[in-house]
Amino acid sequence: MQLQINGEAVQAEDRIDVGRLLSRLELNPQLVVVELNRRILTPEDFSETALTQGDVLEIVQFVGGG
Amino acid sequence: MDNLVIAGRSFRSRLMIGTGKFSSNRAMVSAMEASGCEIVTVALRRVDLANPQDSMLQHIDRNRYLLLPNTSGARDAEEAVRLARLARAAGCEPWVKLEVTPDPYHLLPDPVETLKAAEILVKEGFIVLPYMPADPVLAKRLEEAGTAAVMPLGAPIGTNRGLRTRDLLAIIIEQARIPVVVDAGLGAPSHAAEAMEMGADAVLVNTALADTPNPAGMSAAFAKGVQAGREAFLAGLGGQRNQAEASSPLTGFLRNEG
């Protein structure tokens, strides 16, 4: 299935959950924030949230800034 | 130096630091340590999926520094509120440096959208520190909306040009019943000292500390500037006058008068 992550089309396996997606992307779930279809997820949600075709995700992290 | 109190929380340092533009995480940490700061700003950005970077958070001791996430990049109130909520979801305390800068050239804050976002975020329980134009009327409106401080600009972000808004800052400081943090444009320790001498409660500096061969050295210098300015303000500056007023006695000269 196809997801949109950070504005880009990404292919992912069917019914993957957010926790597994993050590990596929080699991202530390402690250090990112995930928004799914404009709804902010808490880290406890990650493994319980299955993704479906066309879901829109934003994955953000802190960077240096003033 | 007396403590800075924002939203009931006490800080020994009156110098806040932005973490942008440093050549490395090591340079950033050296600046933080040398400055004695207790509050550091950070930004939120999309992860680069093709090239995930180490998180800079791993280099910041969260027990020692309060993270103040900014909403940089927001072009209107809605985007700013979204960024603030994301930052809180990242496990930060609900402090936010509210920043709404639709114009990428001057990066001047949008007063209308900033006030709108501040009202929403205060209602949601955030401790809001808005970056704002040096407008005394807006400062009062933000204070009435319940912001924990105001952060008027000295000069546009990253310009190092000092207190170009000096006269307006003086009015904001005189009227404010919440801390005034002069933010943006401070390029030298003397600029920071000047803001503190005027009675600003704190300053926030980034570019001047990052854009130097020696971030730790410059941060230590800024810390001294802030401290000197604060101590001068507390001691009370002498008045200015146009005509000279002798410091030495005007009697007993080695000549016969008359």
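Reminder, nothing fancy here: chain letters follow the sequence lines and each chain counts from 1. The shown structure was predicted, so the numbers you read here are calculated from the model rather than taken from an experiment.
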Item to complete: Taking the side chain as every heavy atom from C-beta outward, state whether B:Met56 and A:Gln61 have any pair of such atoms under 4.5 Å apart.
Response: no
Worksheet item: If you count heavy-atom pairs under 4.5 Å with chain B, which of A:Leu25, A:Ile59, A:Val10 comes out on top?
Response: A:Ile59
Worksheet entry | Spacing of A:Phe62 atom CZ and B:Leu86 atom CG [to the nearest 0.5 Å] | 9.0 Å
Worksheet item: Considering all heavy atoms of both residues, which atom of A:Gly64 and which atom of B:Ala43 are nearest to each other, and what is their separation?
Response: O-CB, 4.1 Å
Practice prompt. Measure across A:Val33 and B:Ala90 and return the closest heavy-atom pair with its distance rounded to 0.1 Å.
Written response: CG2-CB, 3.3 Å
Discussion item. Can you tell me if B:Glu78 has over 12 outside heavy atoms packed within less than 6.0 Å of its CD?
Written reply: no
Worksheet item: Where do B:Ala89 and A:Ile40 come nearest, in terms of heavy atoms and distance?
Response: CB-CG2, 3.3 Å
Fill in: A:Gln11 atom CD, over 12 foreign heavy atoms within 6.0 Å
yes
Item to complete: Please flag which part of A:Val63 lies under 4.5 Å from any non-hydrogen atom of chain B: side chain, backbone, both or neither.
Response: both
Practice prompt. Quick one: pull up CG in A:Asn6 and CG in B:Asp48 and give me the separation to the nearest 0.5 Å.
Written response: 9.0 Å
Could you go through residues 22-29 of chain B and list every donor-acceptor pair under 3.5 Å that involves a side-chain atom there, pairing it with any protein atom two or more places apart or in another chain?
unit_1: B:Ser24; atom_1: OG; unit_2: B:Arg26; atom_2: N; d: 3.4
unit_1: B:Ser24; atom_1: OG; unit_2: B:Ala27; atom_2: N; d: 3.0
unit_1: B:Asn25; atom_1: ND2; unit_2: B:His59; atom_2: NE2; d: 3.2

Discussion item. Please classify the contact of B:Leu44 with chain A as side chain, backbone, both or neither, using a heavy-atom distance under 4.5 Å.
Written reply: both
Worksheet item: Where along residues 92-99 of chain B does a heavy atom come under 4.5 Å of chain A, listed by residue number?
Response: B:Cys92, B:Lys97, B:Glu99
Discussion item. Could you report the tightest heavy-atom contact between A:Leu31 and B:Ser55, atom names first, then the distance?
Written reply: CD1-CB, 3.7 Å
Worksheet item: B:Ala184 versus chain A, heavy atoms under 4.5 Å apart: side chain, backbone, both or neither?
Response: neither
Discussion item. Looking at every non-hydrogen atom in both residues, tell me the closest pair between A:Val60 and B:Val47 and how far apart they are.
Written reply: C-CG2, 4.0 Å
Worksheet item: Side chains of A:Glu8 and B:Arg46: does their closest heavy-atom pair fall under 4.5 Å?
Response: no
Worksheet entry | Neighbour count above 12 (heavy atom, 6.0 Å) for B:Arg75 CZ | no
